[in-house]
There are 2 protein chains.
Amino acid sequence: MNDVARAAGVSLKTVSNVLNDYEFIRPATKQKVLDAIAELGYEANLTARSLRSGKTRMLGLVLSDLSVPYYAELASRLMSIAAGRGYRVLVEQSGAEAAHELSALQGPFRQLTDGLLFTPLALDAGTIAARQGTKPIVMLGEHIADPRFDLVTMKNSEAAASITAHLLAAGRRRIAVLGAAAGDTTDSPGLRLNGYRQALEVAGVEFDPALVVQCEWRRDGGASAVVGLAESGVPFDAVFGLNDAIALGAMHELLIRGIKVPDDVAVAGFDDIDEARFASPSLTTVSPGMEEIAERSIKLLIDRIEGVERAAAGLHVEAGFELKVRDSAP
Amino acid sequence: MNDVARAAGVSLKTVSNVLNDYEFIRPATKQKVLDAIAELGYEANLTARSLRSGKTRMLGLVLSDLSVPYYAELASRLMSIAAGRGYRVLVEQSGAEAAHELSALQGPFRQLTDGLLFTPLALDAGTIAARQGTKPIVMLGEHIADPRFDLVTMKNSEAAASITAHLLAAGRRRIAVLGAAAGDTTDSPGLRLNGYRQALEVAGVEFDPALVVQCEWRRDGGASAVVGLAESGVPFDAVFGLNDAIALGAMHELLIRGIKVPDDVAVAGFDDIDEARFASPSLTTVSPGMEEIAERSIKLLIDRIEGVERAAAGLHVEAGFELKVRDSAP
DNA sequence: CGCACTGTATACAACGTTATAGGGTTGGCG
DNA sequence: CGCCAACCCTATAACGTTGTATACAGTGCG
């Protein structure tokens, strides 16, 4: 910057002012500076700028594992949208472990970013509230639906109810639910299971706990859940995987066992990942509005960072959902 | 740091020395400093450290799109491995566009990172060589196999030959290849196609250009390639998708058309993405050693950054591959 | 014609760290 | 006893920006 100032015959600060679009600069002066910049191929040093300004123009994204398709697609969208507003996204994988989530919240990672998009899976609201620091945080997902935090989420219950209702409308009465968690009802599995139960109730179909299976939210989780169901001998005519990975794994296992989809058993999922469209048969699922989640969470976070959004923390945003009826459950 | 120095009764630089494991510090002094750090909850400012040292301890990863499963899985592994060596990974999506690749190579992104893992898809070797700057770059993939650059890649030809030989050994003679590109032979499609042709030659089976189909490397590319083949009336008894996405899209389309896999047509892919295992039927494919690629590319890049690897640029590393025989082509 | 004002540019300090050079203490050895 | 290393620590000056305070022109106006 010194060289540029000398070449343009102005002071250091004038160059800085030009770069920062300072209001009161004579066009002639500005042009001289811009010429000098172009001639010398000068580029501002972002590190120095960060040190001085205290801002990095980076957003932190904390999720369990980037190789999970839903997170990968979300991260991709978030990065593109953030880029449009002049921010970069720095991803941190927590492996859903409390220690990692904590270090993302408090450690050096936090320092590097102006704000956090946080998908907590292990930490509870109290712990986060106690260590949230001063920079803005926007929660993603539903594990933490706490009035103290800004939150962007999806209509889990409504969407799950909607797809369950679709299965019921097609005449299915024994709908197995795969991917339930133990006990709680405030996170994704809980909310989606609630939606399922509500839809049953509306339709006047009795809830059977034997149809609720706990499993990991992965393809192999869905597959082994079907193994468990088959071995237990519980009859079922539909499977609702609480996410697409579970549903796809389950469908795979059903087909291997010679069970026809959708003739013998209908299969439905949740998330509408790209893969769902191209499965065989294509997977009926519900799209939770990822594009909208990405857009609104980035907007909210940046507005917080830049002081545009001044409402007290605790804004809750719910994106709309859309039923995707395909061949696995017409 | 000033406060810590005062609390410990030492100079600023001594605190810095403790943090940087400087050799000559009395244990007692070191302990005083560490106590003061713990008491005050001090954390070093990474931005200031970067400004002073010129290092950010971040690695840049340039790829086309993080939502592509192969890249998502690769990025996930790279991040974990880099974390083990004290580095973070900052991802930049190029959309396979030359302008974006160029700005990742030269723009602010470069400044933020100590070195680059670069998957160029649009730029040619000459352009990159002219603008590579001074920081280390390790190329990933095979679009740029140039003696001027360090490169970590997979055995494309050998792996493609191996899976083709597997199809041939199972008695297939009309193996369609999906995902070929126009003309060139130095990038992934070209190398894999070469492997295919070599395997045919070894087996004494004649090469038929009518079986080579160009398409996008996505699921829908594979699906529409099958549509094209079917409409053209060219007979075939196997499909080799040059990546798994193509193969899965193709398999989907085959099944929709009532063509049995593997009875009527065997299907094979390339990449061994997680999804391949759980497709119906599960996809025979070849695993290109992603774990090894991730490990060796990170090691090479960091060794360059830290000056450990002093060989002239142009090291080429090829990871091993492994055939994964599954139900789509037993 | 002088005064207040707006517009434009500057000097200086500061952000929090590390590199450099040098200043004390020791202890060993001739 | 004096000298030289080896060891331990410190003062000062950077790294490249931007915030603050201030200086210097021109205007418009009484």
Side-chain angles (χ1 to χ4, degrees), chain A residues 1-37 40-58 86 107-114 133-135 305-307, chain B residues 1-37 40-58 86 107-108 110-114 134-135 305-307:
Chain A
M1 199 150 119
N2 247 316
D3 300 343
V4 172
R6 205 172 310 122
V10 298
S11 79
L12 207 59
K13 184 69 217 254
T14 298
V15 179
S16 169
N17 284 338
V18 168
L19 264 66
N20 292 287
D21 286 323
Y22 179 64
E23 196 178 356
F24 301 120
I25 297 192
R26 233 176 322 198
T29 312
K30 184 167 182 172
Q31 197 52 52
K32 271 193 302 185
V33 172
L34 292 175
D35 290 349
I37 287 175
L40 299 177
Y42 164 82
E43 278 188 20
N45 180 311
L46 298 180
T47 309
R49 182 173 285 175
S50 291
L51 175 59
R52 183 63 239 221
S53 68
K55 304 278 181 183
T56 62
R57 295 196 78 83
M58 289 210 267
F109 180 72
R110 199 68 194 287
Q111 242 189 60
L112 289 170
T113 52
D114 293 342
T134 54
K135 292 180 186 172
I305 290 170
E306 297 181 347
Chain B
M1 198 151 118
N2 246 316
D3 299 343
V4 173
R6 205 172 309 123
V10 297
S11 80
L12 208 58
K13 183 67 219 248
T14 298
V15 179
S16 168
N17 284 339
V18 169
L19 264 64
N20 292 286
D21 286 323
Y22 179 64
E23 196 179 356
F24 301 120
I25 296 190
R26 230 179 324 204
T29 313
K30 184 167 182 174
Q31 197 51 53
K32 270 192 303 182
V33 171
L34 292 176
D35 289 350
I37 287 176
L40 299 176
Y42 164 82
E43 279 188 20
N45 180 311
L46 299 180
T47 310
R49 181 172 286 175
S50 291
L51 175 60
R52 181 63 239 215
S53 68
K55 303 277 180 184
T56 62
R57 295 197 79 84
M58 289 211 267
R110 199 68 195 286
Q111 244 189 59
L112 290 170
T113 52
D114 293 342
T134 54
K135 292 179 187 172
I305 289 170
E306 298 182 347

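Order of the sequence lines sets the chain letters (A, B, ...), proteins ahead of strands, with each chain counted from 1.
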Enquirer: With respect to the phosphate group of D:dC9, does any side-chain polar atom (N or O) of B:Thr14 fall under 4.0 Å of OP1 or OP2?
Expert: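 No, because none of the side-chain N or O atoms of B:Thr14 sits under 4.0 Å from OP1 or OP2 of D:dC9.
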
Enquirer: Is A:Glu43 touching bases, backbone alone, or none of the nucleic acid, heavy atoms closer than 4.0 Å?
Expert: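 Sugar-phosphate: the residue A:Glu43, judged by heavy atoms under 4.0 Å, touches backbone atoms but no base.
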
Enquirer: Nearest-Å distance, CG (B:Asp21) to C1' (C:dT17)?
Expert: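 The answer, rounded to whole Å, is 16 Å.
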
Enquirer: Assess whether side chain to side chain contact (heavy atoms under 4.5 Å, CB included) is satisfied between B:Ile305 and B:Lys55, documenting all intermediate values.
Expert: CA-CA 9 Å; B:Ile305 289 170; B:Lys55 303 277 180 184; 4.1 Å; yes

Enquirer: Measure from CG on A:Asp3 to C1' on D:dT17 and round the result to the nearest Å.
Expert: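 For the pair A:Asp3 CG and D:dT17 C1', the rounded distance is 14 Å.
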
Enquirer: Once you round it to whole Å, what is the distance between P of D:dT18 and CG of A:Asn2?
Expert: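 Roughly 13 Å, once rounded to whole Å.
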
Enquirer: What does the B/S/- profile of nucleotides 18-25 of chain C look like, 5' to 3', with a 4.0 Å heavy-atom cutoff to protein?
Expert: BBB-----

Enquirer: Please state how far atom CD in B:Glu23 lies from atom P in D:dC8, giving the value in whole angstrom units.
Expert: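 It works out to 9 Å between those atoms.
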
Enquirer: Any chance you could lay out the side chain to side chain contact (heavy atoms under 4.5 Å, CB included) test for B:Arg49 and B:Leu19, step after step, and finish with the verdict?
Expert: CA-CA 11 Å; B:Arg49 181 172 286 175; B:Leu19 264 64; 3.8 Å; yes

Enquirer: Without swapping roles, check the side chain of A:Arg110 against the backbone of A:Lys135 for a donor-acceptor pair under 3.5 Å.
Expert: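 Yes, the answer is positive, given that a donor and an acceptor are paired below the 3.5 Å cut-off.
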
Enquirer: Calculate the interatomic distance between A:Tyr42 atom OH and D:dG16 atom P; express it in whole Å.
Expert: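 After rounding, the reported distance stands at 10 Å.
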
Enquirer: So B:Leu51, base contact, sugar-phosphate only, or nothing? Heavy-atom distance under 4.0 Å.
Expert: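 The residue B:Leu51 makes base contact.
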
Enquirer: Does a donor on one side chain sit under 3.5 Å from an acceptor on the other, for A:Thr47 and A:Ser50?
Expert: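 On atom types as modelled, these side chains do not qualify, holding no pair under 3.5 Å.
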
Enquirer: Using whole Å, what does the distance between atom P of nucleotide C:dA9 and atom NZ of A:Lys30 come to?
Expert: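 Checked: the NZ to P distance equals 11 Å.
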
Enquirer: Tell me, which pairs form a side chain to side chain donor-acceptor pair (under 3.5 Å) where one or both residues lie in residues 19-29 of chain B, sequence neighbours left out?
Expert: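 Residue pairs with at least one partner in residues 19-29 of chain B: B:Ser16-B:Asn20.
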
Enquirer: B:Gln111 CD to D:dG16 C1': how many Å, rounded?
Expert: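 In whole Å, D:dG16 C1' and B:Gln111 CD are 10 Å from each other.
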
Enquirer: I need the CZ-P distance between A:Arg6 and C:dA11, as an integer number of Å.
Expert: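 Checked: the CZ to P distance equals 13 Å.
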
Enquirer: I want to verify a distance call: between C:dT8, C:dT10, D:dC8, whose nearest atom is closest to the A:Thr29 side chain?
Expert: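 For the A:Thr29 side chain, the nearest candidate turns out to be C:dT8.
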
Enquirer: Using salt bridge (Lys or Arg N to Asp or Glu O under 4.0 Å), reason through B:Arg6 and B:Asp3 one step at a time and then give a plain yes or no.
Expert: CA-CA 5 Å; B:Arg6 205 172 309 123; B:Asp3 299 343; 3.6 Å; yes

Enquirer: Are any side-chain N or O atoms of B:Asp114 and backbone N or O atoms of B:Arg57, one a donor and one an acceptor, separated by less than 3.5 Å?
Expert: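 The answer is yes, because a donor-acceptor pair under 3.5 Å joins these two groups.
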
